[in-house]
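Accompanying notes for the structure given below.
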Amino acid sequence: MNTIAFNEYHQQRLYSIPMFNELTSGLKDKILEQLDFTLYEIPRNTTFIEQGNVCNNLYILLDGRLEVNIIDANGNQILIEHIESPRTFATPHLFKKDNRFPATFKTTEDSILLTATKKSTFELLSKYPELLQSFLCTSGNCNACTTVRLDVLSRKTIRERILVYLIKRLDKSTSTAKITHTLTQLAEYINVTRPALSTEFNKMEKEGLIKRKENNYIELNVAAIKNLI
């Protein structure tokens, strides 16, 4: 991780994230002036946060892509999500009493990361109610990936788990979903064996519930699926 200078491009990326994009221009400029931050350039395939590390900064990915994994009790690495820039991440952990990261964060391409100190972030949130509201909304959205996985794992059958996973990733305008995991990762994510997962995919395709397409896209028979989950 190398520190780099903050420039106009980075400012535009920063102002475009959901936590800042609806704030007034004047408030955005005040925040930038008062936020104590550092900018890092991180090469691809770099794990820069380990599961169990303490979260003492606000993290904003300005460029690049991250992979988020957890290590379970058996030592297995399970893919939770991919983070696309620009966006904040791990915001719910910044002000928790036990503020340790529950996962590892690794770059999957060359990335640019902005970190702001906990103290300066807290001072800004205390001073500007509009920013506090945006921060709380962002934190709520960060919890969504955990809620999605719990919803998947709460289903009893392999088919239900797969279909809930796909529905959560559905592009309603096209009735397609993109699988962001490999088959091995997906099997770990929904807690089934890889052969069982492949078998169920084949069965659902024969029954017309899904149709596998190129680039990890799957077309869903939404009407039929909604009767099953």
Side-chain angles (χ1 to χ4, degrees), residues 16-19 21 44 51 59-61 63-72 76-92 101-109 111 137-229:
S16 71
I17 66 173
M19 197 165 85
N21 64 0
R44 66 188 300 268
Q51 185 172 324
Y59 288 86
I60 302 175
L61 183 68
D63 255 345
R65 190 168 187 260
L66 307 181
E67 181 180 283
V68 185
N69 296 283
I70 62 170
I71 309 299
D72 67 14
N76 299 313
Q77 181 173 282
I78 301 172
L79 177 64
I80 299 300
E81 66 167 330
H82 286 104
I83 294 175
E84 305 279 354
S85 62
R87 60 163 278 195
T88 56
F89 62 93
T91 51
F101 288 101
T104 63
F105 294 78
K106 182 179 76 172
T107 57
T108 58
E109 55 188 57
S111 301
C137 289
T138 300
S139 295
N141 291 335
C142 282
N143 283 326
C145 68
T146 301
T147 302
V148 168
R149 185 156 191 258
L150 289 174
D151 190 8
V152 170
L153 294 178
S154 69
R155 308 301 172 130
K156 293 182 179 179
T157 68
I158 296 174
R159 175 166 297 194
E160 287 176 333
R161 292 184 181 187
I162 295 171
L163 293 178
V164 169
Y165 171 89
L166 293 174
I167 285 291
K168 295 293 186 181
R169 287 157 178 77
L170 179 66
D171 180 350
K172 295 180 181 179
S173 64
T174 62
S175 296
T176 60
K178 181 175 177 64
I179 296 182
T180 57
H181 299 74
T182 66
L183 280 182
T184 298
Q185 291 170 339
L186 180 56
E188 293 172 348
Y189 183 84
I190 67 175
N191 199 27
V192 300
T193 65
R194 190 182 185 284
L197 179 69
S198 297
T199 298
E200 195 59 43
F201 264 112
N202 292 334
K203 287 181 180 178
M204 290 193 296
E205 190 158 29
K206 288 180 180 178
E207 294 173 22
L209 293 174
I210 64 171
K211 182 179 180 180
R212 282 176 279 200
K213 308 182 83 173
E214 294 180 349
N215 300 319
N216 292 327
Y217 282 97
I218 295 183
E219 186 176 337
L220 308 182
N221 183 341
V222 178
I225 290 173
K226 284 185 177 179
N227 294 324
L228 299 175
I229 59 176

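By convention here, the first residue in the shown sequence is residue 1.
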Across all chains, not counting sequence neighbours, the ring pair (Phe, Tyr, Trp, His ring centres under 6.0 Å) partners of Tyr59 are Phe89, Phe101
Check for a donor-acceptor pair, side chain of Ser85 on one end and backbone N or O of Leu61 on the other, with a separation under 3.5 Å. no
Say you draw a straight line from OG1 of Thr174 to CG of Leu220; how long is it, rounded to the nearest 0.5 Å? 8.5 Å
I need the Arg194 CZ to Glu188 CD distance, nearest 0.5 Å. 11.0 Å
My understanding is that only residues two or more places apart in sequence, or in another chain, count here; which of them pass side chain to side chain contact (heavy atoms under 4.5 Å, CB included) with Ser16? Pro86
How close do Gln51 and Ile70 get, heavy atom to heavy atom, and via which atoms? OE1-CA, 3.3 Å
Check the pair Glu81 / Thr180 against side-chain contact (heavy atoms from CB on, under 4.5 Å), numbers first and verdict last. CA-CA 8 Å; Glu81 66 167 330; Thr180 57; over 6 Å; no
Distance-only donor-acceptor hits, side chain of residues 158-167, under 3.5 Å, sequence neighbours excluded:
| residue | atom | partner | partner atom | Å |
| --- | --- | --- | --- | --- |
| Arg159 | NE | Glu200 | OE2 | 2.6 |
| Arg159 | NH1 | Glu207 | OE1 | 2.7 |
| Arg159 | NH2 | Glu200 | OE2 | 2.9 |
| Arg159 | NH2 | Glu207 | OE1 | 3.4 |
| Arg159 | NH2 | Glu207 | OE2 | 3.2 |
| Glu160 | OE1 | Lys156 | N | 3.3 |
| Glu160 | OE1 | Thr157 | N | 3.4 |
| Glu160 | OE1 | Thr157 | OG1 | 3.4 |
| Arg161 | NE | Arg155 | O | 2.8 |
| Arg161 | NH1 | Ile190 | O | 2.7 |
| Arg161 | NH2 | Leu153 | O | 3.4 |
| Arg161 | NH2 | Arg155 | O | 3.3 |
| Tyr165 | OH | His181 | ND1 | 2.7 |

Closest non-hydrogen atom pair, Leu197 against Ala187: CD2-N, 3.7 Å
Which residues pass the salt bridge (charged side-chain N to carboxylate O under 4.0 Å, His left out) test with Lys178, not counting sequence neighbours? none
Quick one: does any side-chain atom of Ser173 pair with a main-chain N or O of Asp171 as donor and acceptor, under 3.5 Å? no
Nearest-0.5 Å distance, NE2 of residue His82 to CG of residue Leu66: 9.5 Å
Cut-off 3.5 Å, no hydrogens considered: what does the side-chain donor-acceptor table look like for residues 208-218, sequence neighbours left out?
| residue | atom | partner | partner atom | Å |
| --- | --- | --- | --- | --- |
| Arg212 | NE | Glu205 | OE1 | 2.8 |
| Arg212 | NH2 | Asn202 | OD1 | 2.6 |
| Arg212 | NH2 | Glu205 | OE1 | 2.8 |

Using the test side chain to side chain contact (heavy atoms under 4.5 Å, CB included), find all partners of Thr108 that sit at least two apart in sequence or belong to another chain. Arg65, Glu67
